[in-house]
Amino acid sequence: MIFKNFDFVKHRNKFFIFSSVLTVIGIIFLFVFGMNLGIDFSKGTRIDIKGTHALSTEKVDQQVQKLGYKPKETILSGNNKDIVTIRLNEVLDKEQIAEMKTAFKDSVGVDKNNVNISTVSPQVGRDLAKNAFYAVIISSIFIIIYVWIRFEFLQGLTAIIALLHDAFFIITIFSLLQIEVNIVFIAAVLTIVGYSINDTIVTFDRIRENTKLRKKKPKTFEEFSEIANNSIRQTLTRSINTVLTVLLPVIALLIFGSESIRTFTIALFIGLLIGVYSSIFIASPLWAIMKAGHIKRKQKKKAAQPQT
Amino acid sequence: MVKKGRIVSFFAILVVLAVIIGFTIQPIIHNVKLGLDLKGGFEVLYQVKPLKEGQKVTNDTLKNAVAAINKRINVLGVSEPEISIEKGHRIRVQLPGVKDQKKARKLLSTTANLTFRDVNDNVVLDGSDLQAGKAKIVFNDLNKPIVSLKLKDADKFAKVTKKISSMPPGQNLMVIWLDYNKGDSYKEESQKKDPKYISAPSVNKVLNTKDVVIEGQFTMERATTLKDLLNAGSLPVKMKEIYSTSVGAQFGQDAMQKTVFAGIIGIAAIFLFMLLFYRFGGFIAILTLIVYIYLVLAVFVGMKAVLTLPGIAALILGVGMAVDANIITLERIKEEIRSGKTILSAFRAGNRRSLGTIFDANLTTIIAAAVMFVYGTSAVKGFAVMLIVSIVVSFITAVYGARLFLWLWVQSQALNKKPGYFGVKKGDISDL
């Protein structure tokens, strides 16, 4: 292992700066490009049609326009360029949906069994976005409470910082690449939240164990960084192997899986990589500094108190 | 000295498991309920609104509406409909595997309010004048299907027909509407090729009877639908579609095939990795993973949960989680072996020390999954359920299953002084 003798805490500033820069870039991206929100979070109609052969977006577009709609976006996808996704601002009603389903039979040769249509009204879109936001916040709060009880507050705090860092990074990448964000994206972010915390917890668990093994209670920054370094090194193989084993099926899903869950697998792929990075290079070093700082402040306070 | 008994029991357990799995896997896979994203079908979220002004939508009206929808779905013969009431006066209807989506949608949302009107669109009779559940299909002289109804009061019908028959020819019509909307008019519709109303028979004389027939230009199918709708009863509310997804049957099937194929490749890759990296420990891990996949499916079917596309992804990811528990334990055992312990004590120490870690790591993921379940909608909910089932089952198989298997081998002493079986090089072992 190349990292076996690597001093993670010593080189922390490089990683902190790297992550801070990433986060700042992310904020800029979000402001400049925004997110490509799918109809789940706004309103409108999404039509997916799948041909038995390569399709042309022009023909599909023409057909949609013939029915009197203006496509907001038409995207060609699929390994054989056989899937076309059209997004409309209008929310189609059931007659219009029925009409749309059968419309591609003659024009592009796609039977109604190969057409998916989803509609979302503005009200529902708002509700979905609201629920998704709550889900991330509430699960973060529960996790912090759990880690606080099982470990200590500072570890809970650093775990959440690492976790939000990961979630935000995925959002940044999606903003940069303008990948459509749908409701399944939220499931992916929450899964990453789960995995990323998983990695962090395993390292913290080692820190807890290594701290207990010490004859003397650690007090200085040097001692805490030694504990953090050792714990990271001891759990490193496991962290990397676990991510590898989870990455294997994710890569398989990315290559061979259905296009319908592509957003989900892309988010997972990015999230897993950033998750292992943050739990190795961010969470534990950050904990070492915060812990040392905390003890120092405590000692100062004690020293400031008049001796009796 | 190798104790053969332990190894024999290991293989005995293996054979028993293989037999159980072999005999039950077929029916289990057969009984997996597929969600509409895999099977095709559609899902509609309705906003429930009062039918008349002043009517309040209460829990009871919602329940009545669901009962009426249920009756109608029975007509469609959909095997696994899911109807649920959601916050904010909403009703979610999921119909996986429904063939004629257009018909289903129409059947669901019509209020099925039958009205008889004159040519000026004034109501003369409505649904409340009918006897409930008495609609029937009969055939006329030309052997065409017609729908017969029974009225509550013959006198009222006599009065109504008297009034209409006294109108001049061309206007002595009784227009029969299903779901008349404000603004619809007979005069406009009668000019169209395909008018909205069902039929407009002329009335020439006073009819003093309870029996009424509707003679539209019915096909057998349309007549049956009308009869069923009338017998199922009208909806007590108006329902507006606010969210809908419809998945083509072929689309869903392709998605499932692809995803399952990807899953098999992914899981095979995991197996290979484990075998290369952890050798014998990896082999034991693979055995527990197979049991894990079987159990997850069994529990999932037992819960009558619906498998969705994200659900399959969760199952595959779950394999990753289950492997993680194995990796944590095996890494720990490797470490203990490297520190110079015997295989037996390394096994004991490794197991003891890894349990807490695995527990904490899994529980935090369950927290995220539980929140997803509470706040998620259908597809996300399916994912969350699968994730929770996976984590619980993986904890049991990876911790207890793998331990039992490995314990039998360690106890047999067949692995003694063979650190290579765990992927540890002899040179890496430090002297105590």
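Proteins come first, then strands; the chains are lettered A, B, ... in the order of their sequence lines, and each starts at number 1. Not measured: the values here are computed from a predicted model.
- Counting heavy atoms from C-beta on, the side chains of B:I328 and A:V202 come closer than 4.5 Å.
- Between A:K50 and B:F251, the shortest heavy-atom contact is CB-CE1, 3.4 Å.
- In terms of heavy-atom proximity, B:A255 sits nearest to A:S258 at CB-OG, 3.4 Å.
- Interface remark: B:I358 contributes no atoms to any contact with chain A (heavy atom separation under 4.5 Å).
- With hydrogens and angles ignored, the 3.5 Å screen pairs a side-chain donor or acceptor of A:N116 with a backbone N or O of B:G248.
- Of the atoms belonging to A:Y146, it is side-chain heavy atoms, and not backbone ones, that fall under 4.5 Å from chain B.
- When heavy atoms are compared at a cutoff of 4.5 Å, A:L244 approaches chain B solely by way of its side chain, counted from C-beta outward.
- A:T237 places a side-chain heavy atom less than 4.5 Å from the side chain of B:F277.
- Within the 4.5 Å cutoff, the side chain of B:I327 has heavy atoms near those of the A:T245 side chain.
- Remark: B:F273 CZ is packed, more than 12 non-hydrogen atoms of other residues, nucleotides or ligands lying under 6.0 Å away.
- The contact between A:F151 and chain B is made entirely by side chain atoms (from C-beta outward), counting heavy-atom distances below 4.5 Å.
- At a 4.5 Å heavy-atom cutoff, the contact between B:Q47 and chain A is made by side-chain atoms alone.
- For the residue pair B:I367 and A:S139, the shortest heavy atom distance occurs at CG2-O, 4.2 Å.
- Neither the backbone nor the side chain of A:D199 comes within contact range of chain B; no heavy atoms are under 4.5 Å apart.
- Within the 4.5 angstrom heavy-atom criterion, only side-chain atoms of A:L268, from C-beta onward, approach chain B.
- Heavy-atom pairs under 4.5 Å with chain A were tallied for B:S246, B:A361, B:A269; the largest tally goes to B:S246.
- Contact of A:V250 with chain B is made through the side chain alone, with heavy-atom distances under 4.5 Å.
- Of the two parts of A:I49, only the backbone, made up of N, CA, C and O, holds a non-hydrogen atom closer than 4.5 Å to a non-hydrogen atom of chain B.
- Note: A:D48 leads A:I251, A:D93, A:D48 in heavy-atom pairs under 4.5 Å with chain B.
- Contacts with chain B were tallied for A:N114, A:V120, A:L247; A:N114 has the most, counting heavy-atom pairs under 4.5 Å.
- Within the 4.5 angstrom heavy-atom criterion, only side-chain atoms of A:R206, from C-beta onward, approach chain B.
- A:E209 has a carboxylate O that lies under 4.0 Å from a charged side-chain N of B:R332, or vice versa, which qualifies the two as a salt bridge.
- For A:R238, the parts lying near chain B are the backbone and the side chain together; criterion is any non-hydrogen pair under 4.5 Å.
- Only the side chain of A:D205 comes within contact range of chain B, with heavy atoms under 4.5 Å apart.
- Between A:Y134 and B:V371, every side-chain heavy-atom pair lies at or beyond the 4.5 Å cut-off.
- Residue A:K101 touches chain B through its side chain alone, counting heavy-atom pairs closer than 4.5 Å.
- Listed options B:N362, B:I366, B:V319, B:I270 were ranked by heavy-atom pairs under 4.5 angstrom with chain A; first place goes to B:I270.
- One side chain, B:S244 or A:T119, offers a donor N or O that lies under 3.5 Å from an acceptor on the other.
- Atom CG of B:D254 and atom CG of A:N113 lie 10.5 Å apart (nearest 0.5 Å).
- Put simply, the side chain of A:S121 gets close to the backbone of B:I242: a donor and an acceptor are under 3.5 Å apart.
- Contacts of B:Y278 with chain A are made by side-chain atoms alone, with heavy-atom separations under 4.5 Å and no backbone atom involved.
- Looking at A:L253 and B:T259, their side chains come closer than 4.5 Å, going by heavy atoms from C-beta outward.
- A salt bridge links A:R208 with B:D360: the distance from a Lys NZ or Arg NE/NH1/NH2 to an Asp or Glu carboxylate oxygen falls below 4.0 Å.
- Here A:S118 is the residue among A:A98, A:S239, A:S118, A:A159 with the most heavy-atom pairs under 4.5 Å with chain B.
- Between chain B and the options A:L248, A:I138, A:T235, heavy-atom pairs under 4.5 Å are most frequent for A:L248.
- The side-chain heavy atoms of A:N241 and B:E331, taken from C-beta on, include a pair separated by under 4.5 Å.
- No more than 12 heavy atoms of other residues, nucleotides or ligands lie within 6.0 Å of NZ in A:K112, so this atom counts as exposed by the packing criterion.
- With contacts defined as side-chain heavy-atom distances shorter than 4.5 Å, the pair B:Q250/A:D111 does not qualify.
- Remark: B:K238 NZ is loosely packed, at most 12 non-hydrogen atoms of other residues, nucleotides or ligands lying under 6.0 Å away.
- Heavy-atom distances place the backbone of A:V115, and not its side chain, under 4.5 Å from chain B.
- The most heavy-atom pairs under 4.5 Å with chain A, out of B:V247, B:N326, B:I267, come from B:V247.
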